[in-house]
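Along the sequence shown, residues are numbered consecutively beginning with 1.
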Amino acid sequence: MKLLLINPKFPESFWSFEWAHQNITPEVKTLNSPLGLATLAALTPSDWEIEIVDENVEAIDWMATADIVGVCGMGVQAPRQKEILRHFKSKGCFVVAGGSYASLCPEEYTGLADAVISGESEYIWPQFCQDYLAGNPKALYQETGTVNLHDSPCPRFDLLKLELYQRVSLQFSRGCPFLCEFCDIIIMFGRTPRNKTTAQIEKELDCLREQGVRGVFFVDDNFIGNKKLAKDLLAFLEEYQIRHNYRFNFGTEASVNLADDEALLNGMRRANFEWVFMGIESPSEASLLETKKVQNAKGDLLEKIRKIYASGLDVMAGFIVGFDSDDATIFERQRRFIEASGIVISMAGVLVALPKTPLYKRLQASGRLIDENNGDQTRAFTNIVPLQMSSQELIDGFVSLHRSLFHNGSVYRRLANKFKYLREPSPYSPWDLKTKLRYLMKFLFRGVLAGGPSRIYYFSRSLLLGLRRPKVLALIISDWVAAISLQSFVHRRLEKPSRLGEWAQWNFQKLQQEISLKISEWQGTEKVWIELKDKLDPRLLKSLFKSIRGYVKRCQGSIVLDLHELREQGIAQLRPLLSRLGNYGAQIQIHLTPNAYQSLSPELKPFQFCLV
């Protein structure tokens, strides 16, 4: 029995860090490994042949054969997930949909998937496997009880290409005790945190250690949801790190009340946690209370962040604009707060209502939902009718906020504010001296010098912050790498043209006699469709490369190259073009025939593509 498990490609977002992966660390393809599929593989009968393909680090083999094809997906991956399901279903494979979006909205996969796994997989996936072997699989497997994480097996890390990830995902707990109105975590996993044992975590760390892994991300919904058990784990991790010469560096997600517990802060530092991601959301107390994020409304948020810095932990954070109590002043208030906090890796999103959440139900009942949503908060789009401003004012303010946050001067000011309090960051680095020097030279030439006088000036001022504290220099540089990546994303994907297609029409006007051009828009994102005709010549291909490169460097939209009408000679001529466009693969999708796919397979690896 052959099982093919696929993690669809994520659309580019703040957390893609495309610039860094392309320009500094090209051997690292994405941030985090897909823990869900590795766990699913461990729950599969041991005599099955299993392959995991993560489209974020490698291309899907569209001609692959398997008895069962399972495709996971979060809300932002759902469109691609459905494309993949359709393709393999058309090939006669038994296709299974799973992941967080299928768990929330299994009804969307009726007729698309042969079976849907809705909910945590520890009990329902083995039942599906048993039913499939017996010849009577059901259309829907839905977890309605409570999964005991003591029953969760050690994930099949051996099936992942771990060297292609910046960090490997691990999980200690599921669930969160809080009641944030917009969050779908408590819908899927409940409010009572459930945990694995330290023996389970030890086994998983041993597996990763054997495979040479160093960076680990605890993907818990809230690492400190159960503080007592979190402290027990931290004590174990400290002992484990000492025993293995501090092999790992850790990061995780936690609520802001971490700052109120000295024992937790000290335990995280001793266990070699480098950073923590927090949902801060807003400096507005009214917004926090409105969305039931009461834990953030207790005390001074800036003081809490600074206390976390003082413990040696760096802070990354998410912010939201568009709450009912937010008016047009919220954007400047967010900017001032984020700069004062010193948080460089900050993602401010527009409030969206995710399906099945309390927020979604409330707004649906009041008639304030305007469109379906896939959960991507990094786009200039909302599915909510705002109360205190127009939708356009909300989107314009959101774009303006990001434009100001990732100005070079703002990056410097945040670093200056951070290092007033973060004096002893973790000294850990996974790279040897030669690798560090190679990355540093790439960063200086491709990041600092390429950014012009403004970036050179503010980066130089940033270095002065570490003149007397050399331990912070590495973090200053890594924060600038992240900031430039975010700046690149904002410039390309959020700076919307004044009129749909204005730049695209001008950019491709010289080629419109030789290509078919169509421009569309979906949820605030421009899409340019280019259908190539069969007659291609070197002059056209050279001009096409320049036009596509110019567009993706300047605009937020994406390119769809439609190759389905090309014959064999035209397909062969495309190879040099696709090779040169590889660095811009995050914004380019390719539609092609099976024959063209077989011919161009090596050149297609950087792109998202589908067969037609």
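E281 and T291 are not linked by any side-chain donor-acceptor pair at a separation below 3.5 angstrom, with hydrogens and angles left out of the test. Side-chain contact annotation: N56 with Y165, donor-acceptor N/O pair under 3.5 Å absent. Side chains of D326 and S287: a donor on one and an acceptor on the other come within 3.5 Å. Using a 3.5 Å distance cut-off with no hydrogens or angles, the side chains of N222 and S255 do pair a donor with an acceptor.
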* To do: Begin with the C-alpha distance, continue with both residues' side-chain angles, and end with the deciding distance and a verdict on side-chain contact (heavy atoms from CB on, under 4.5 Å) for I186 and T357.
  => CA-CA 9 Å; I186 58 175; T357 60; over 6 Å; no

* Test log, rule side-chain contact (heavy atoms from CB on, under 4.5 Å), inputs L561 and F607 -> CA-CA 11 Å; L561 276 178; F607 306 98; over 6 Å; no

* Asked: Step by step, would you call S454 with N408 a side chain to side chain donor-acceptor pair (under 3.5 Å)?
  -> CA-CA 7 Å; S454 170; N408 295 313; 3.2 Å; yes

* Asked: side-chain contact (heavy atoms from CB on, under 4.5 Å) between Y240 and R247: does it pass, once the steps are laid out?
  -> CA-CA 9 Å; Y240 186 95; R247 175 57 182 254; 5.7 Å; no

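Annotation: salt bridge (charged side-chain N to carboxylate O under 4.0 Å, His left out) contacts of D260 (sequence neighbours excluded): K304. Qualifying salt bridge (charged side-chain N to carboxylate O under 4.0 Å, His left out) partners for R580, counting only residues two or more places apart in sequence or in other chains: none.
At most 12 non-hydrogen atoms from other residues, nucleotides or ligands lie less than 6.0 angstrom from CD of E285.
Side-chain rings of F172 and F218 stay apart, their centers remaining 6.0 Å or farther from each other. Between H21 and F17, the ring centre distance reaches or exceeds 6.0 Å.
A side-chain contact (heavy atoms from CB on, under 4.5 Å) with M278 holds for exactly one of I308, I343, I305; it is I308. Screening F250, F223, W275 for a ring-ring contact (aromatic ring centres under 6.0 Å, His included) involving F217 leaves a single residue, W275.
Under 4.0 Å is where a charged nitrogen must lie from a carboxylate oxygen, and between K307 and E262 at least one such pair does. Ion pairing between a basic and an acidic side chain is recognised when a charged N comes within 4.0 Å of a carboxylate O; R414 and D479 show no such pairing. Salt bridge absent: K293 and E181 never bring a charged side-chain N and a carboxylate O closer than 4.0 Å.
Between the side chain of S400 and the backbone N or O of G397 there is no donor-acceptor pair closer than 3.5 Å. With hydrogens and angles ignored, the 3.5 Å screen pairs no side-chain donor or acceptor of R167 with any backbone N or O of G251. For Q295 (side chain) and V256 (main-chain N/O), no donor-acceptor pair under 3.5 Å exists by modelled atom type. In terms of modelled atom types and a separation under 3.5 Å, the side chain of D184 and the main chain of L104 share no donor-acceptor contact. Q77 places no side-chain N or O within donor-acceptor distance of the main-chain N or O of N7, the cut-off being under 3.5 Å.
The aromatic rings of Y458 and H407 sit perpendicular to each other, their planes meeting at more than 60°, with 30° as the lower class boundary. A perpendicular orientation is assigned to the rings of F443 and F459, their planes being inclined by more than 60° (bins at 30° and 60°). Ring geometry for Y584 versus F545: interplanar angle of 30 to 60°, hence tilted.
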